[in-house]
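These values consider heavy atoms only, across backbone and side chains, with no hydrogens, waters or symmetry-generated copies. So that the names make sense, note that chain A is the first sequence line, chain B the second, and so on, each numbered from 1.
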There are 2 protein chains.
Amino acid sequence: MSSATLNTDALSQRLADSGLRSTPQREVVYDVLLKKRDHPTADEVFARVKNGLPTISLATVYNCLETLVQCNLVRAVNFERGPTRYCPNLLPHAHFHDEKTGKTHDIDLPADLLEKVNSVLPPGYNPSSVEIIFRGKATGEVASSG
Amino acid sequence: MSSATLNTDALSQRLADSGLRSTPQREVVYDVLLKKRDHPTADEVFARVKNGLPTISLATVYNCLETLVQCNLVRAVNFERGPTRYCPNLLPHAHFHDEKTGKTHDIDLPADLLEKVNSVLPPGYNPSSVEIIFRGKATGEVASSG
DNA sequence: CTTGCACCTTAGAACCATTCCAATTTGTTG
DNA sequence: CAACAAATTGGAATGGTTCTAAGGTGCAAG
């Protein structure tokens, strides 16, 4: 069983769980996100998806991305103003936004750090998620991630 | 010396440091931000500023906000898609975005937590700033802040 | 002063990302 | 296969922001 099949299965499963259908468009959009994890915008996804599915429309790309976010298969990320970016990394992670290259790197977050971060909240605050965004420069050549 | 005078002085000072002029528009925009710290959008700032300066234009509000951000007197904040919000709190702090009320609360961040957060970065990453955003519900009545 | 010049403000046009809409297509179920 | 629901499509509409060109403002040198 190929990894593509695994992904497709995972996708159909999640969609089915939400009472939604698996469609070629949704599959290709998801595959595109998994294949190049550089936090693409909807436009960039659109461009990549057209290779495999030349007649897809931008509106559909937006719809599919929205659907994937609903199903918790993809995270939508907004650093500063500008187009929303999409990220198929589901593990808890922060983002490092390199001001020089414009690229965004995923930074794994250990569970105990998340705990400490949550502990700064006064009683009465019940977080459902935390997002951590670094900005700065990455010197030398660290592993690239869009 | 009134607090408004203090603010105005601080503002002129910072502007002068950057070779910029203090103008009525810039002063009023800054005062508006200081007076009601509910993370307003540019449109909301525009509406408030018009009370004191009825002929100001939206473009100028955008210009002034941009200037204040440049001078490090104000932070621009973007939770998810939607208009940028502005925050005159210069101390290191996180934001808690209440999904029920839509309001945003400032959460003070102790220095040692920032250190720990920074320490998750692998060598080669040099952050110039960190942003932490919580989402969730604030139960009971915690101090309100926009 | 008063002329020149850089900085600011202004209104409206332009722009870009996204959402909406109405029509069509696809897939499923009876 | 008929009927209906879910998805896709292209284009129009929207909302926030930036751009542009024209006019004001205030200091600086003569």
Send over the distance from [X] [atom1] to [N] [atom2], rounded to a whole Å.
| X | N | atom1 | atom2 | result |
| --- | --- | --- | --- | --- |
| A:E44 | C:dA17 | CD | C1' | 13 Å |
| A:K50 | D:dT8 | NZ | C1' | 15 Å |
| A:L15 | C:dT28 | CG | P | 13 Å |
| A:Q25 | D:dT8 | CD | P | 5 Å |
| B:R21 | C:dC8 | CZ | P | 6 Å |
| A:E27 | D:dT8 | CD | C1' | 15 Å |
| A:L68 | D:dA7 | CG | P | 12 Å |
| A:L20 | D:dA5 | CG | C1' | 12 Å |

Is the shortest side-chain N to carboxylate O distance from B:E80 to B:R135 below 4.0 Å?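 Between B:R135 and B:E80 there is a salt bridge, with a charged N closer than 4.0 Å to a carboxylate O.
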A:K137 NZ: over 12 foreign heavy atoms closer than 6.0 Å: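 No, because the 6.0 Å sphere around NZ of A:K137 holds 12 heavy atoms or fewer from other groups.
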Under a 3.5 Å distance rule, please check whether [X] uses its side chain to pair with a backbone N or O of [Y] as donor and acceptor.
| X | Y | value |
| --- | --- | --- |
| A:R48 | A:D43 | no |
| A:R26 | A:L11 | no |
| B:R81 | A:G82 | yes |

Filtered N/O pairs between nucleotides 16-19 of chain D and protein, under 3.5 Å:
{"from": "D:dT17", "atom 1": "OP1", "to": "B:T84", "atom 2": "N", "distance (Å)": "2.7"}
{"from": "D:dT17", "atom 1": "OP1", "to": "B:T84", "atom 2": "OG1", "distance (Å)": "3.1"}
{"from": "D:dT17", "atom 1": "OP2", "to": "B:Y62", "atom 2": "OH", "distance (Å)": "2.5"}
{"from": "D:dT17", "atom 1": "O5'", "to": "B:Y62", "atom 2": "OH", "distance (Å)": "3.2"}

[X] vs [N]: side-chain N/O to OP1/OP2 distance below 4.0 Å:
| X | N | answer |
| --- | --- | --- |
| A:R26 | D:dA7 | yes |
| A:T23 | D:dA6 | no |
| B:S57 | C:dT9 | no |

Identify whether any heavy atom of A:T60 sits under 4.0 Å from a base atom; if not, whether one sits that close to sugar-phosphate; answer base, sugar-phosphate or nothing.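 Here A:T60 touches the bases of the nucleic acid.
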B:Y125 side, atom OH; A:I107 side, atom CD1 - distance, nearest 0.5 Å: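 Spacing of OH (B:Y125) from CD1 (A:I107) equals 4.5 Å.
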Does A:L58 share a hydrophobic cluster with A:L33, counting links as ILVMFWY side-chain heavy atoms below 4.5 Å and allowing steps through other members?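 Yes, it is one cluster - the side chains of A:L58 and A:L33 are joined through contacts under 4.5 Å.
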